[in-house]
Amino acid sequence: MFARSTSKTWLRSSGKRFKTLLRRFAQLENVLKEITPKSIDYSQWYVDVIRKADMVDYSPVKGFMVMKPYSYRVWEFIQAAMNTRFRATGHENAYFPLLIPEHLLQREAKHVEGFSAEVAWVTHGGSELLAERLAVRPTSETIVGAMYSKWIQSYRDLPVLMNQWSNVVRWEKSTRPFLRTTEFLWQEGHTVHRTADEAERETRQQLEIYREVIEGELAIPVVAGVKSAGERFAGAVETYTLEALMSDGRALQIATSHFLGQNFARAFDIQFLDEDGTLKYGWTTSWGSSTRMIGGLIMVHGDDRGLRMPPRVAPIQVVIIPIGRGADGKAVHARCRALADELGSIARVRLDDRPEYTPGYKYNDWEMRGVPLRIEVGPRDLKAEQVVIARRDTGQKTTVALAELPSTVARLLDEVQQELFRQASEYRGRETYTISRCQEADAHGYRGFFRGGWCGSEACADSLKIETGMTIRCLPLEPESNQASCAMCGATSRQQVLLARAY
RNA sequence: CGGGGAGUAGCGCAGCUUGGUAGCGCGCCUGCUUCGGGAGCAGGAGGUCGCAGGUUCAAAUCCUGUCUCUCCGACCA
């Protein structure tokens, strides 16, 4: 036993030393100076990318991070894309308070149970001890429910369709920027409906909106499904989820939508007088997506040179880099400025005219930040009335005549968006396996999505976790085929499930 | 929360074993020369060594505590 633990420790530390060596070697080879290659240390790669791309910084408090402008801008694009769709489906934005009195938080039994371990409490106002402690919201079902019960009296008040953009706090044990932080930004929708059917439809409709935004804007392919009971939101009847596959083969739950039945309506007394004169409980839903999506964006599209931004959410879509000095330089700069003005109406353009850096430095710099298109303008191009365009997604360089530049840029931005989605889809397709026994995932290093049968028992879900480290990510809404037997116990399968190791 | 690793200039690190003037590379500032894939030379600025105690004539170095980051588990968007 002693020998075993010793060798384990040794392996761990020598593994780390080995990684450091490899990393240094990579740096000497000038593969890339600032970013650890994915293949050497994925976690380190992730941290390097977000820091070198100037997306976040750590704060003095554990688990809290600063979102710097370059990542916050991405968040703003996500917000815009979602707000448009929320509004189109009749939702309105509102804002509910940050602090929730303890008695409210405790109204719904399963909900409290689910969140109690990670709630932060406010106990003092100034130096005075509060009569009742106040929870910093981990999510807002309770405070929203309490308010809704005041606002709703008649079926004519329904449906209530509200959304809020806010921060929430969950005291997490281990944190990683974007993926799991103690405080995070998100959007949470809360609705009340007259019938169960309507609430169910709402739940699915919002999941579909998430899919549109995540696939269409972030270029991240997702699998839509239903959570198993063990993975369900605390207090929900049914939780719908979108699962994405990261480039290290682990799954990320990227958005969820909950059908809450009448659980919260009963707990918070959300009742309405129906047309038939009887008092009924409303049917509620809630749905959320967070800055975690940005973490997904990084892990799905990033490569060893850094980020690769899908154009639709890229803070800078086109960077123009002048080449040359002296007399040439002046003409080049004039041309670049003119191009920046011209293209500014069709894309988010940045002219990098910093004199202190060479073009080569700038290429690397902007590639690290994932700018989709780079336009190079040098003396040669000036004479030939052309520019060189380099794509971040494929690395391809092409020469484009000035006359065709605006249309080409517009087309290429569209192509890069498609290509990133195509690459991610192809990867996911390649790394999705159908298995009949969960141990078969071992051959693939438990990297990827695994489709297998499930008998429906929580015991099997638990043993899966213990034996393979995988969890049931969801019961896909569109199962590919139905396995005859459970991948864990071999009994008759109830439905195909998606298995993976998850973030 | 358990177990590893790490905190020294903006970044990456050496120095610590054996206590005695704070170092290197990159970056930064100034000047000149450079510019089609991380430019060159010269000069210069920058650090209460994570924080708090303790030992000592003397602590980056030794001891205790604590905070943060990071990895692996357990718990979760």
Side-chain angles (χ1 to χ4, degrees), chain A residues 5 8-17 19-20 23-24 27 30-34 36 41-44 46-48 51-52 57-65 114-119 138-139 168-188 227 230-231 233-234 239 241-243 252-258 287-296 305 321-326 328-329 332 354-368 374 376-382 387-388 390 395 397 399 465-466 469 471 502-503:
Chain A
S5 70
K8 247 184 167 175
T9 307
W10 180 85
L11 266 175
R12 224 178 271 134
S13 66
S14 83
K16 173 151 183 150
R17 234 172 280 145
K19 279 178 180 176
T20 308
R23 199 175 143 202
R24 290 212 177 133
Q27 288 174 357
N30 205 15
V31 172
L32 207 118
K33 260 191 214 160
E34 330 217 0
T36 306
D41 188 340
Y42 195 86
S43 300
Q44 190 59 48
Y46 180 77
V47 171
D48 287 350
R51 297 228 39 200
K52 301 302 179 184
D57 201 356
Y58 296 104
S59 83
V61 184
K62 178 185 167 68
F64 290 76
M65 68 171 182
F115 281 103
S116 63
E118 42 185 347
V119 173
T139 179
V168 287
V169 168
R170 296 181 187 176
W171 220 258
E172 300 289 350
K173 311 285 185 192
S174 70
T175 58
R176 307 185 68 189
F178 295 117
L179 300 176
R180 174 163 295 108
T181 46
T182 305
E183 177 192 27
F184 57 93
L185 303 186
W186 75 346
Q187 127 318 280
E188 50 178 323
K227 283 291 184 189
E231 300 272 330
F233 175 74
T239 288
T241 179
L242 296 181
E243 299 287 325
L252 184 74
Q253 176 179 310
I254 203 161
T256 50
S257 184
H258 316 289
W287 23 276
S289 64
S290 72
T291 40
R292 170 180 267 195
M293 288 183 284
I294 297 174
R305 306 189 71 79
I321 298 180
I323 299 157
R325 280 222 151 187
D328 278 345
V332 165
R354 294 175 294 177
E356 66 270 30
Y357 294 112
T358 59
Y361 178 92
K362 293 175 182 175
Y363 297 168
N364 287 293
D365 198 37
W366 293 109
E367 279 172 4
M368 213 153 61
R374 177 180 74 237
E376 307 170 9
V377 182
R380 289 206 300 267
D381 304 308
L382 226 53
V387 298
V388 173
K397 278 195 189 188
T399 302
K465 178 81 192 278
I466 293 162
T471 47
Y503 273 97

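Below, each value reflects all heavy atoms present in this structure, side chains not excepted, and no hydrogens, waters or symmetry copies. First the proteins, then the strands, lettered A, B, ... as listed; each starts at 1.
- A/Tyr46 places a side-chain N or O within 3.5 Å of a backbone atom of A/Pro177 that can act as its donor or acceptor partner.
- Nucleotide B/G36 forms a pair with no other nucleotide shown, judged by Watson-Crick or G-U wobble geometry with both contacts under 3.5 Å.
- Pairing for B/A9 is absent, judged as Watson-Crick or G-U wobble with the two contacts each under 3.5 Å.
- Residue-level contact check: A/Pro355 touches neither bases nor backbone, having no heavy atom under 4.0 Å from any strand.
- For B/G38, the base has no donor-acceptor partner in the side chain of A/Arg305 [N/O atoms by modelled type, under 3.5 angstrom].
- Contacts of A/Lys173 with the nucleic acid, taken as non-hydrogen atoms under 4.0 Å apart, include base atoms.
- Side chain of A/Ser59 to backbone of A/Phe64: a donor-acceptor contact under 3.5 angstrom is found.
- Residue-level contact check: A/Arg176 touches the backbone only, with heavy atoms under 4.0 Å from sugar-phosphate atoms and none from bases.
- One distance of note links OH of A/Tyr363 with CZ of A/Arg374; it measures 5.5 Å at 0.5 Å rounding.
- A/Phe233 comes within contact range of no nucleotide atom at all, as no heavy-atom separation falls under 4.0 Å.
- Across all strands shown, B/C41 forms a Watson-Crick or G-U wobble pair with B/G31, both key distances being under 3.5 Å.
- Contact between the side-chain N/O atoms of A/Ser290 and the OP1/OP2 oxygens of B/A77 is not found at any separation under 4.0 Å.
- As judged by a 4.0 angstrom heavy-atom cut-off over every strand, A/Gly324 is placed among residues touching the sugar-phosphate backbone only.
- A/Gln253 comes within 4.0 angstrom of the backbone, heavy atoms only, and of no base.
- Using a 4.0 Å heavy-atom cutoff across all strands shown, A/Arg51 reaches no nucleic acid atom at all.
- Among the protein residues, A/Gly63 comes within range of the sugar-phosphate backbone only, with heavy atoms under 4.0 Å from sugar or phosphate atoms but none that close to a base.
- A/Thr181 and A/Glu183 get closest at one heavy-atom pair: OG1-O, 2.8 Å.
- In this structure, A/Glu172 atom CD and B/C75 atom C1' are separated by 8 Å, rounded to whole Å.
- Where A/Phe178 and A/Val387 meet RNA chain B, the nucleotide closest to each residue was compared, and A/Val387 sits on the side nearer the 5' end.
- A/Glu376 comes within 4.0 angstrom of a base, heavy atoms only.
- Counting any heavy atom pair closer than 4.0 Å across all strands shown, A/Ile254 reaches no nucleic acid atom.
- The residue A/Thr256 sits apart from the nucleic acid: no heavy atom pair falls under 4.0 Å.
- Under the 3.5 Å distance criterion, the side-chain polar atoms of A/Asp381 are matched with a main-chain donor or acceptor of A/Gly378.
- The phosphate of B/U70 has OP1 or OP2 within less than 4.0 Å of a side-chain N or O from A/Tyr58.
- Between A/Thr182 and A/Thr175, the closest heavy-atom pair is OG1-CG2, 3.8 Å.
- Listed candidates were B/C28, B/A77, B/G38. Nearest to the side chain of A/Tyr357 is B/C28.
- Under the Watson-Crick or G-U wobble criterion, with both distances below 3.5 Å, B/C16 is left unpaired in every strand shown.
- Look at A/Lys465 and you'll find a side-chain N or O under 4.0 angstrom from OP1 or OP2 of B/C75.
- The nucleotide B/U55 finds no pairing partner, because no Watson-Crick or G-U wobble arrangement with both distances shorter than 3.5 Å includes it.
- When the side-chain nitrogen and oxygen atoms of A/Tyr361 are compared with OP1 and OP2 of B/G27, none of them lie within a distance under 4.0 Å.
- A/Val388 comes within contact range of at least one nucleobase, with a heavy-atom separation under 4.0 Å.
- Under the Watson-Crick or G-U wobble criterion, with both distances below 3.5 Å, B/A77 has no partner in any strand shown.
- Base engagement by A/Ser174 is indicated by at least one non-hydrogen atom pair under 4.0 Å involving a base atom.
- Set against B/C72, B/C76, B/G36, the side chain of A/Glu118 has B/C76 as its closest nucleotide.
- Residue A/Ser59 is out of contact with every strand shown, counting any heavy-atom pair closer than 4.0 Å.
- Nucleotide B/G2 is matched to B/C72 when pairs are restricted to Watson-Crick or G-U wobble geometry with both distances under 3.5 angstrom.
- Comparing B/G38, B/G36, B/A77 by their closest approach to the side chain of A/Asn364 singles out B/G38.
- A/Lys62 has no carboxylate O lying under 4.0 Å from a charged side-chain N of A/Glu172, or vice versa, which leaves the two without a salt bridge.
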